Amino acid sequence: LPKGATRVALYGLGNIRDERLHKTFQAKKVQLMRPQQDTERWFNMLVLHQNRVAHKPTSRIPEEALDDFLDFVLWGHEHECLITPQQSAVGTFYVSQPGSSVQTSLCEAEAGTKRVGVLEI
């Protein structure tokens, strides 16, 4: 998505059963197709709708499984609001987890302030 001097490579992955997707990532069968020209000039963003928190060993997608060329991951599905971008566990990209915009349960992760955001690149 080029606009002026800004180039955004947007990757998306909807919800797939966690165990199946975890196994697919571990087998290195997930490939994100990068732009072929000027690869370093692109802002690479992944929008992901999967568990980030491990409820079982294979019930999430670990940050370590994601490509290191990514700059930013917008992580959906989790309800806890961690909207401020944080450096990933591997340190090669940033993660924002907006969470639910309204409380959906009475668990501790839902007790915090809810937010929505606008991302400017």
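Nothing here was measured: the structure is a model prediction, and the numbers come from that model.
Using a distance-only test at 3.5 Å, with no hydrogens or angles considered, no donor-acceptor pair links the side chain of Ser88 to the main chain of Glu63.
Of all heavy-atom pairs between Leu46 and Gly12, the closest is CD1-N, 4.3 Å. Closest of all the heavy-atom pairs between Pro62 and Gln26 is CG-NE2, 4.3 Å. Across Leu66 and Trp75, no two heavy atoms sit closer than the pair CD1-CZ3, 3.9 Å. Of all heavy-atom pairs between Arg60 and Glu64, the closest is NH2-OE1, 4.5 Å. Between Ala9 and Trp42, the shortest heavy-atom contact is N-CE3, 3.6 Å.
Connection of Val95 to Phe25 is established within a shared hydrophobic cluster, with ILVMFWY side chains joined at heavy-atom distances below 4.5 Å, either directly or through further cluster members. Met45 is not connected to Val90 by any chain of hydrophobic side-chain contacts under 4.5 Å among Ile, Leu, Val, Met, Phe, Trp and Tyr, and they are in different clusters. In terms of hydrophobic clustering, with Ile, Leu, Val, Met, Phe, Trp and Tyr side chains grouped at heavy-atom distances under 4.5 Å, Leu70 and Leu48 are assigned to a common cluster.
Looking at residues two or more places apart in sequence or on another chain, you find a salt bridge (Lys or Arg N to Asp or Glu O under 4.0 Å) between Asp38 and Arg41. Contacts of Lys28 classified as side-chain hydrogen bond (donor to acceptor under 3.5 Å, both in side chains), with partners at least two apart in sequence or in another chain: none. Residues satisfying the salt bridge (Lys or Arg N to Asp or Glu O under 4.0 Å) criterion with Arg17, sequence neighbours excluded, are Glu19. Gln87 is linked by a side-chain hydrogen bond (donor to acceptor under 3.5 Å, both in side chains) to nothing, counting only residues two or more places apart in sequence or in another chain. For Arg34, the side chain to side chain contact (heavy atoms under 4.5 Å, CB included) partners at least two apart in sequence or on another chain are Tyr11, Thr39, Glu40, Asn44, Phe69.
Counting heavy atoms from C-beta outward, Asn15 and Gln50 have side chains that approach closer than 4.5 Å. The closest side-chain heavy-atom distance from Ser96 to Val73 is not below 4.5 Å. The closest side-chain heavy-atom distance from Phe93 to Asp71 is not below 4.5 Å. Considering only heavy atoms from C-beta on, Leu10 comes within 4.5 Å of Val47 through its side chain. Ile83 has its side chain out of reach of Val116: every pair of non-hydrogen atoms, C-beta onward, lies at least 4.5 Å apart.
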Using the side-chain contact (heavy atoms from CB on, under 4.5 Å) rule, take Ile61 and Leu21 through it: C-alpha gap first, then chi angles, then the decisive distance, then the call.
CA-CA 8 Å; Ile61 303 306; Leu21 188 58; 3.7 Å; yes
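For the atom pair CG of Asp18 and NZ of Lys23, the computed distance is 14.5 Å after rounding to the nearest 0.5 Å. Interatomic distance, NZ of Lys56 versus NE2 of His22, reported as 12.0 Å (0.5 Å rounding). With rounding to the nearest 0.5 Å, the separation of NE2 in His49 from CD1 in Ile16 is 12.0 Å.
Counting side-chain heavy-atom gaps under 4.5 Å among Ile, Leu, Val, Met, Phe, Trp and Tyr, Val118 is found in no cluster with other residues.
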